[in-house]
Structures are given as structure tokens and as C-alpha cells.
Engineer: 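Sharing a structure with you now.
Because only heavy atoms are used, hydrogens play no part in the values below, and waters and symmetry mates are left out as well, while side chains stay in. Computed from a predicted model, the values in this text were never measured in an experiment.
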Amino acid sequence: MRLARLARFCYRRRRLTLAGWIAGTIAVMALGFGFAAEPLNDFSGGGSGSAKASDLLEEHFPERSGDSITLAVRADAGVRDPQVKARVERALDRLARTPHVTSVASPYETPGQISEDGRTAFATGGLDVPSDDMPRADVTALLDDVRTDSGPVRLQLGGSAVDAAETPGGGPSEGIGLLAAIVILLVAFGSVLAMGLPIVTALFGIGTGLALIMLLGHLLPAPSFSPIIAALIGLGVGIDYALFIVTRHREEMHAGADPEEAAVTAVTTAGRAVLFAGTTVVIALMGLFIMQQRLLNGVAVAAASPC
């Protein structure tokens with residue numbers, strides 16, 4: 001059996017195998033991080049009908065081809081109250097002065113933007129750029145100047161540009177998940193070595209996967225959130241798959257098998273299941289190519305990289 005021969009070869013030359021894995025990982029990471037491709041955040045939709053409509057809008061009405069920012073107003077005294085109106089118009093003026101805002105549709109001038117009871121209204125500010133190209137600092141400054149959550153007038157801003165400005169760039173969630181996995185494996189195995197093998201394997205997979213994403217980005221550009229997806233999948237399947245093999249190896253050792261036979265048995269049984277499961281995941285992710293969207297093609301390759 002090929003897996004058995006491979007397992008024996010790796011066990012008998014384990015130092016060479018380990019050194020090869022480390023050298024290969026360092027080489028791939030050096031190439032990937034050294035010659036990384038720029039992410040592609042193109043959400044235009046490829047050749048879909050909505051993308052064609054967006055292209056027509058950009059060609060004939062470039063000032064309205066971008067996204068928009070919505071200002072929501074709520075006032076118990078009514079939005080037509082003189083004091084409320086003065087506060088809202090100051091907010092509209094601030095919105096109009098924001099870079100890339102080309103027009104503002106006031107609820108006092110545009111029909112249908114004030115509720116029947118007169119206490120709720122909205123205004124829209126048209127952008128000449130997509131939300132991803134809207135400077136985060138400008139949107140954050142607008143939020144600080146306009147938004148109020150209490151008082152006689154409550155003002156809120158919405159839209160893709162606002163969501164992007166309020167979304168944090170990253171967090172400690174992956175680190176917390178890794179720490180939890182370390183604690184759980186340490187309690188389950190009672191051994192630092194047995195706990196460390198699945199963790200190290202997962203980190204190897206994540207490192208090489210992220211580097212491959214950056215290299216393959218020259219052929220299949222991926223969006224900026226692809227590394228997050230790859231890290232989550234790599235952390236999950238990396239620990240899970242390694243855990244299968246390590247557990248089977250420990251079972252064989254406890255049954256009296258010598259280390260080499262335990263390694264061969266673990267690879268030919270649990271290892272075969274891991275190979276099948278990983279291949280299934282990759283094939284499933286490649287199904288995104290059916291969508292014929294360049295953005296999703298990059299996501300598919302990025303998510304499959306750690307596998």
C-alpha cells in the first residue's frame with residue numbers, strides 16, 4: 001500500500017522529513033509574503049445583470065454610480081418642528097461637505113421621505129465611489145459629527161460605507177480559539193507532546209495556506225477577507241485531522257504495537273480518512289467556480305489552501 005510505504009519512509013527518515021517540512025514551509029512563506037499579490041475587492045458581480053446595469057449607470061451617470069449613505073432621523077416632536085428641522089439641516093450640510101458625497105436628497109425637499117406620523121424621516125447622500133473606496137477616516141469623522149443616540153432628535157447613519165468604517169479590521173478571536181484548543185487537548189491527552197502535534201500541524205497548514213493565497217493571487221485574485229476564512233478553516237481542519245491520526249497512533253501504542261507499526265497503522269487508517277475528507281472539502285469549495293464570479297473563484301482557492 002502506498003500510504004504504508006510512505007508512512008514507513010517518513011518514520012525511518014523522520015528527522016529528514018521534519019527538516020524538509022520546515023524548510024518547505026519557510027520557503028513557501030518567504031515567497032508568499034515577499035511577492036504577495038494585491039487583494040481584489042471587486043463586488044461588481046462579473047457578467048451578471050446587476051453588474052451590467054451598474055456599468056451603464058457609471059458610463060452615463062458617473063455622479064450616481066457609487067453607493068450611498070443614509071441619514072435616519074427620529075424626533076418625537078416631529079421632524080418638521082423648527083428646532084428639529086434646524087438640527088437635521090445642520091446634519092445634512094455636514095453630510096454634503098463629506099468628500100465623495102455628490103448630492104444629498106433632503107426629506108424636506110424630496111417627497112416620500114417623511115413618515116405619515118411626521119416623526120421619522122431619512123435622507124440619502126450619493127457617493128461617486130464604491131463603499132470600499134470611501135476613505136474610512138472621512139466616514140468616521142462624519143459619524144462623530146452627526147450621530148446622536150439620545151435627546152429630542154436622534155440621528156443615525158447607515159450604508160455600506162458606514163458598515164465598513166465601523167467594522168474592526170481584526171480581533172483576538174482566532175487566538176482565543178487556539179488557546180481553547182490547547183487547553184482542551186492538554187486536558188484530554190494529559191501530555192504536552194500529544195497536545196502540541198495537532199496545534200503545530202494546524203499552524204503549519206495556516207502559514208503555508210496564507211502564503212499560497214498571496215502567491216496564487218497573481219493568477220486568481222482573492223478579496224481581502226480571504227486570509228480570515230483560510231485561517232478559520234485551517235485552524236479547524238488542521239487540528240481535527242491531526243487529532244484523528246495522533247489518537248489512532250496512541251491507541252496502537254497502548255495496544256502494544258511498536259512506534260513504527262503504530263505510525264503505519266495510524267496513517268493507513270485515520271490518515272486515509274483524513275485524505276478523503278480533505279479532498280471532499282476541496283472539491284466542495286471548487287464548486288464556487290460554477291458561479292463564474294471572479295471574486296468567488298479567489299475565495300474558493302483561498303479557503304481550500306489550508307486543506
Side-chain angles (χ1 to χ4, degrees), residues 39-46 48-173 223-225 228 293 295:
L40 175 68
N41 293 310
D42 179 13
F43 300 93
S44 60
S48 64
S50 60
K52 294 176 182 178
S54 178
D55 293 339
L56 286 173
L57 186 64
E58 184 174 1
E59 179 181 354
H60 297 287
F61 305 97
E63 71 280 0
R64 295 182 178 274
S65 61
D67 293 318
S68 64
I69 294 177
T70 301
L71 172 66
V73 183
R74 176 71 179 180
D76 294 335
V79 296
R80 294 185 179 90
D81 179 84
Q83 293 183 349
V84 173
K85 184 176 180 180
R87 177 67 181 87
V88 173
E89 286 182 339
R90 288 198 301 270
L92 294 175
D93 180 66
R94 176 62 181 85
L95 176 60
R97 290 186 283 107
T98 303
H100 299 291
V101 174
T102 58
S103 62
V104 175
S106 170
Y108 302 111
E109 300 173 358
T110 307
Q113 294 186 191
I114 299 179
S115 64
E116 293 183 359
D117 62 6
R119 293 187 296 177
T120 306
F122 72 93
T124 56
L127 305 177
D128 60 2
V129 294
S131 298
D132 289 331
D133 297 334
M134 187 69 181
R136 182 185 291 258
D138 293 335
V139 180
T140 302
L142 176 65
L143 287 166
D144 294 338
D145 294 342
V146 171
R147 185 166 58 183
T148 58
D149 295 326
S150 60
V153 184
R154 283 168 286 176
L155 302 174
Q156 289 290 339
L157 290 166
S160 299
V162 176
D163 292 340
E166 293 184 315
T167 302
S173 55
S224 55
F225 60 80
I228 300 176
Q293 298 288 335
L295 182 75

Engineer: Apply side chain to side chain contact (heavy atoms under 4.5 Å, CB included) to Q83 and list each qualifying residue two or more places apart in sequence or on a separate chain.
Structural biologist: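 With sequence neighbours excluded, Q83 shows a side chain to side chain contact (heavy atoms under 4.5 Å, CB included) to D81, given in chain and number order.
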Engineer: Can you find a pair of side-chain heavy atoms, one from V104 and one from T124, that are under 4.5 Å apart?
Structural biologist: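 A side-chain contact is absent here, since even the closest heavy-atom pair is not under 4.5 Å.
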Engineer: What pair of heavy atoms forms the shortest contact from H100 to P135, and how long is it?
Structural biologist: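 Shortest heavy-atom contact: CD2-CD, 3.6 Å.
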Engineer: Partners of D163 by side chain to side chain donor-acceptor pair (under 3.5 Å), sequence neighbours excluded?
Structural biologist: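 So D163 forms no side chain to side chain donor-acceptor pair (under 3.5 Å) with any residue.
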Engineer: Is the closest side-chain heavy-atom distance between R87 and L155 below 4.5 Å?
Structural biologist: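 The answer is yes; the side chains approach within 4.5 Å.
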Engineer: Which pairs pass salt bridge (charged side-chain N to carboxylate O under 4.0 Å, His left out) with one or both residues in residues 96-113, sequence neighbours excluded?
Structural biologist: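 Every pair satisfying salt bridge (charged side-chain N to carboxylate O under 4.0 Å, His left out) with a residue in residues 96-113: D93-R97.
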Engineer: Where is the tightest heavy-atom contact between V146 and A91, given as atom of each residue plus distance?
Structural biologist: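 Closest pair (atom of V146, atom of A91, distance): CG1-CB, 3.9 Å.
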Engineer: With rounding to the nearest 0.5 Å, note down the distance linking OG1 in T98 to CD1 in I69.
Structural biologist: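 Between T98 OG1 and I69 CD1, I get 6.5 Å after rounding to 0.5 Å.
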Engineer: State which residues pass side chain to side chain contact (heavy atoms under 4.5 Å, CB included) with P99; sequence neighbours excluded, sorted by chain then number.
Structural biologist: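 Listed in chain order: D138.
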Engineer: Restricting to non-hydrogen atoms, name the atom on P107 and the atom on I114 that form the minimum distance, rounded to 0.1 Å.
Structural biologist: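 Minimum heavy-atom separation between P107 and I114: O-CD1, 3.5 Å.
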Engineer: What heavy-atom pair brings V139 and A161 nearest, and what distance separates the two atoms?
Structural biologist: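 For V139 and A161, the tightest heavy-atom pair comes out as CG1-O, 3.8 Å.
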Engineer: Is it true that a side-chain atom of Y108 and a backbone atom of V79 form a donor plus acceptor pair closer than 3.5 Å?
Structural biologist: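 Yes, the answer is positive, given that a donor and an acceptor are paired below the 3.5 Å cut-off.
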Engineer: By salt bridge (Lys or Arg N to Asp or Glu O under 4.0 Å), which residues pair with R94, not counting sequence neighbours?
Structural biologist: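 Once residues adjacent in sequence are excluded, the partners of R94 under the salt bridge (Lys or Arg N to Asp or Glu O under 4.0 Å) criterion are D145.
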Engineer: Looking at residues at least two apart in the chain, or sitting in another chain, which of them share a side chain to side chain donor-acceptor pair (under 3.5 Å) with T110?
Structural biologist: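 Checked T110 against side chain to side chain donor-acceptor pair (under 3.5 Å); zero matches.
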Engineer: Keeping Q156 on the side-chain end and A72 on the backbone end, is there a donor-acceptor pair under 3.5 Å?
Structural biologist: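 No, because the side chain of Q156 does not come within donor-acceptor range (under 3.5 Å) of the backbone of A72.
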Engineer: Taking salt bridge (Lys or Arg N to Asp or Glu O under 4.0 Å) as the test, write out the residues that go with R119, two or more places apart.
Structural biologist: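 Salt bridge (Lys or Arg N to Asp or Glu O under 4.0 Å) list for R119, sorted by chain: D117.
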Engineer: Taking side chain to side chain donor-acceptor pair (under 3.5 Å) as the definition, give me every residue that meets it alongside D76, ordered by chain and number, with sequence neighbours left out.
Structural biologist: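 Checked D76 against side chain to side chain donor-acceptor pair (under 3.5 Å); zero matches.
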Engineer: Exactly one of L92, L71, L95 should register a side chain to side chain contact (heavy atoms under 4.5 Å, CB included) with S106. Which one does?
Structural biologist: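 The passing option is L92.
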Engineer: How about T70 and V162: do any of their side-chain heavy atoms sit closer than 4.5 Å?
Structural biologist: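 Of all side-chain heavy-atom pairs linking V162 with T70, none is under 4.5 Å.
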Engineer: Considering non-hydrogen atoms only, spot the tightest contact between G125 and V101 and give its length.
Structural biologist: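 Nearest heavy atoms, G125 then V101: CA-CG1, 4.3 Å.
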Engineer: I would like to know whether M134 and D128 meet side-chain contact (heavy atoms from CB on, under 4.5 Å); could you show each step before the answer?
Structural biologist: CA-CA 9 Å; M134 187 69 181; D128 60 2; over 6 Å; no
Engineer: Could you list the residues that satisfy side chain to side chain donor-acceptor pair (under 3.5 Å) with T120, not counting sequence neighbours?
Structural biologist: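 T120 satisfies side chain to side chain donor-acceptor pair (under 3.5 Å) with R74 once adjacent residues are dropped.
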